[in-house]
Amino acid sequence: MASGTSGPGNLDLQVGEALYRALMFLLPSELRRAFGEEMVGFVRQRVAEGHRGLWERTRVWTGTIGDLIREALMARAGLGASPARRGAQKRNGGRMMGGGPRFEQFLSSFQLALRGLTKRPVFSGAVVLTLALGIGGSSAIFAVVNGVLLESLPFPESDRIVSVTMRAPSIDRDEMLLSGAMLTLMQEESREFESVGVYSTFTFNLTGSGDPEELPFAVATSSLFNVLKAEPQIGRIFSLDEQNNRSFDVALISDGLWRRKFGSDPTIIGRSIDLGGRAREVIGVMPGGFSFPSSDVQVWIPVGMGAEVVQQQAAGHWLTGVGRLTENATLVTAESDMVRMIEILRERYPHVYSTGPLAAATDLSPRIEPLKTRLIGDFGHTLWLVFGSVGLLLAVACANVANLFVVRAEARETELTLRRTLGARPAEILRLLLGESAVLAGLGGVGAVLITVWGVPLLRTYGPQDLYRLNEVTVGGPVFLWVLVLTVLSALVFAALPAANLTGGGFTAGLRGGGTRGATAGRGRSRFRQAMLAGQVALALVLLVGSGLMLRTFQELRGAELGLDATGVLTARVSMPPFQYRSPEQRDAFQRSLIEELRAVPGVTSAGWSSQLPFADEPVTVGLYTENLSAGDPRQGRDVLLRRVSPDYLQTIGVDLRSGRWILETDQSEDRPVAIVTAALAEVFWPGTDPIGRRIGTSEEGPWVDVVGVVQNVLEEGVAHGASEAAYFAAPPMPVTSFIHLAIKAQGDPVRYLSSLQSALWRVDADLPVVAPKPMDRLISEATAATSFAMMILLVAGLTALFLGAIGVYGVVSHWVNERARELSIRVAIGAEPADVTRTVLARGLGTVAIGIGMGLVASLALAPVMEALLFGVTASDPVTFAGAGSVLLLAAVVAMIGPTRRALGSDPMTVLRTE
Amino acid sequence: MTHDVKAFLPLTPLEFRVLLVLANGALHGYAIAKEVERTDPGLGKIYPTNLYRRLQGMAGDGLIDEVPGADDDARRSRHFGITALGERVARAEASRLEAALVEARRAFGTGD
């Protein structure tokens with residue numbers, strides 16, 4: 001949670017007060033306006049006053065909120081307003097203003113229900129808790145699903161906005177971005193797009209206003225803002241002139257940046273700010289809710305691409321396209337429109353697509369998807385899966401509650417039958433039952449709201465941070481509606497169950513048989529209970545299997561041989577402003593003195609840098625060539641991972657050398673450039689021979705670089721990708737980019753070295769910030785964030801389902817034992833072996849459980865394809881996991897049966913017969 | 001405007017208690033609740049919505065009135081005091097209860 005002052009003791013006060021304030025809208029506005037604040041003050045005082053224990057506080061809250069709801073109902077019915085009014089109502093012959101006799105009846109059955117329920121605290125508590133867990137769990141995840149997946153993007157008619165890129169399967173590119181030429185073409189020729197814009201994101205340093213900081217920014221066309229239909233709150237977007245001509249230094253800034261850095265100063269328009277070492281004039285401030293393409297982008301500058309540049313860079317596919325479809329267009333028509341335009345593109349630029357750098361991309365095709373799909377990425381699948389699993393948990397909870405209700409309906413059969421015989425009309429009995437289930441479901445709903453309000457901030461904090469819009473997830477109208485619908489549905493269903501029980505011949509049977517013995521109706525109900533139990537066990541097993549699979553996946557991910565040692569390694573990014581560090585020599589000098597400074601820090605054992613760290617979002621790959629293979633060899637030009645590294649980098653991140661030597665300080669010149677490759681790369685290009693001394697390059701003609709060492713395989717692209725074919729260059733042709741990623745290995749907790757890192761950097765350049773400093777093991781855990789998120793939710797759902805399942809088994813078996821108490825005790829009395837009785841009881845319960853487990857295994861197998869995409873190192877039908885989940889469930893069932901079995905063995909026949 | 005005090009009877013136990021408590025001096029809402037809970041534990045916990053709805057109704061009937069609060073009250077809660085009408089109604093309710101008590105004694109014998 002955001003506020004640092006809120007301890008666990010205050011959380012319920014905040015949540016409770018919020019809930020109380022929200023519910024106050026049920027009250028007549030007059031009362032709310034006159035005394036609303038007084039009432040809240042009252043509640044605060046009451047809670048503050050010595051109610052320390054959890055139980056005490058819970059009682060105060062349920063009492064207070066129950067009171068509010070009751071009074072709201074009565075006030076709406078015009079009941080009990082004031083002594084004089086009551087008198088007047090009585091004189092009018094009992095007719096009430098506002099409400100009616102119906103409502104009074106409803107209230108009385110409500111009160112009756114409350115009285116009945118408080119007398120059975122265990123039953124009521126179990127129902128309320130189960131419902132609260134089931135509904136609350138599902139609504140917390142629903143809040144995320146709604147905020148991230150369902151709610152439309154905050155742009156007008158956002159369902160017409162699509163992301164526009166291309167595919168080129170023949171050169172193994174699942175995605176190829178647009179070129180400026182393609183954009184121009186689409187703007188001229190397209191029939192299905194109303195407007196098309198492009199963007200690309202970068203990062204630069206903001207200096208000159210407070211501490212230097214790094215700002216992610218996007219270059220964009222002005223048409224991008226037309227596509228999104230977004231307008232600045234003050235100022236204007238860039239003109240076509242500004243867009244096409246690099247000499248205009250203008251920028252749009254976000255509302256957040258405007259507030260944070262410039263104190264919402266309206267005179268910012270026209271002022272100049274220093275971005276990446278270059279002064280830019282602020283021409284507009286975007287409105288508060290605007291974030292694109294991600295919430296960290298704070299500045300938008302024109303792409304600076306006139307017709308001339310477009311021609312020159314025809315081969316440069318580096319822009320992500322966004323288009324707004326015309327009113328009648330669909331994804332399909334848009335695709336065929338784009339296929340046509342790709343043809344025109346090929347014809348217009350033969351030197352690129354027929355003979356030039358992209359000649360191999362013979363099957364360029366469109367890749368158009370809804371913008372939301374692109375922004376959410378792979379998380380959509382995970383999120384639906386997680387949502388599905390809490391849905392299953394809800395089903396388990398409902399089956400459990402249904403069983404509780406049926407058991408209780410039987411126990412009350414005599415009471416209800418008696419009421420009926422004494423003249424209560426069926427409608428009245430139904431009202432009583434409805435009153436009861438409404439109270440229980442209502443309290444469960446209140447619990448669910450509390451769980452949601454408390455759970456959503458947790459999900460925001462511990463959910464995958466890359467998830468688009470996760471930070472904006474709130475508990476709002478749709479979520480409350482979700483809770484309300486589930487609550488009302490459960491109230492209706494759970495009232496219907498005992499009512500059906502009564503109409504199904506229960507009335508007379510109830511009186512005749514003393515309510516507990518035999519009768520056909522009893523058999524039907526028992527079958528219903530067993531079916532519910534079997535279903536519940538099956539669902540619980542599905543959840544257990546799911547969480548088991550995620551657990552195994554996580555283990556595999558964690559246990560995988562990464563090929564590096566993250567212990568004590570701190571990483572960070574530094575970017576050198578291109579306008580300040582223009583020449584390669586300047587950048588080279590900068591990084592050398594920075595590494596010198598870092599090595600001098602006490603406790604630091606080694607320091608290095610690389611162009612990219614492992615698990616980077618978009619790893620740089622290039623086609624690699626080797627001198628000894630013929631030009632026609634299919635391996636020539638193979639895409640491999642390419643990194644520029646400093647001499648000590650690989651040792652710093654704990655990579656092991658297999659053969660050859662490390663890169664030395666003296667290797668950093670262009671005269672005799674060297675490289676180190678991974679074992680996986682060596683295996684591809686030089687299988688079975690010694691790679692040392694071979695020469696590699698990034699084009700067929702060289703220049704050639706000597707391979708001087710081979711390192712063990714490193715999982716640079718994340719665990720799921722396996723061993724990377726990677727080459728580490730120490731010098732040109734791979735230049736030092738304006739970004740470098742530092743890695744330092746130090747003794748003890750790497751986080752402690754953060755300030756030394758910053759001051760070392762400031763000794764070299766006082767204007768540069770240390771960006772995204774992270775211990776390397778955090779980097780690794782973030783790479784598995786989606787998996788651990790899914791695992792966490794599935795695990796909680798699975799364990800809750802296990803717990804509920806065990807309660808279900810206990811309830812059903814225990815009830816059966818009570819029902820058979822007479823028979824069982826007589827059997828014990830006439831000398832039946834305890835083992836026989838035990839067997840009878842166990843067979844009864846385990847039979848149902850076994851059926852449930854069987855159904856659950858089948859269902860899990862059927863659901864395997866859904867899981868597959870999230871798994872690693874384990875198949876979705878992994879026998880070990882299935883067996884494990886089944887055993888855990890069986891074990892829980894047996895444990896749940898210990899109590900009832902004991903009772904069956906220990907019951908004294910005389911007591912049982914006497915109570916009958 | 002004259003009032004027939006009978007029009008206000010019978011009072012609910014809570015209303016009666018509130019009038020009795022306020023007869024000893026003006027109080028704010030939470031203090032009224034504490035006093036009622038102390039003097040008549042049989043009424044159970046007093047909850048805010050119930051209390052304020054009663055207070056609003058009683059104020060509307062003219063049985064109680066809002067009065068300026070004591071200076072030491074940091075929270076600036078609103079204070080209520082009993083009105084002359086309220087006192088008359090409370091007395092009438094008391095004698096009504098007394099009459100009922102006498103009758104009950106006669107019916108069940110002097111049970112005290």
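In what follows, chains are A, B, ... by sequence order, proteins preceding strands, each numbered from 1.
Taking each heavy atom of A:Q45 and B:H28 in turn, the nearest pair found is NE2-CE1, 4.3 Å. When every heavy atom of B:I46 is checked against every heavy atom of A:F42, the shortest pair comes out as O-CZ, 3.7 Å. When all heavy atoms are compared, the tightest approach of B:Y52 to A:M39 is CD1-CG, 3.3 Å.
Residue A:E30 places its CD atom among 12 or fewer non-hydrogen atoms of other residues, nucleotides or ligands, all under 6.0 Å distant.
Of the possible polar contacts, one joining the B:R78 side chain to the A:A34 backbone as a donor-acceptor pair under 3.5 Å is found.
Interatomic distance, B:L51 CG to A:D67 CG, rounded to the nearest 0.5 Å: 9.0 Å. If you take CG on B:N50 and OG1 on A:T64, they are separated by 11.5 Å, rounding to the nearest 0.5 Å.
Ring geometry for A:F35 versus B:F80: interplanar angle of 30 to 60°, hence tilted.
At a heavy-atom separation below 4.5 angstrom, chain A is approached by B:A33, B:K34, B:E37 within residues 32-43 of chain B.
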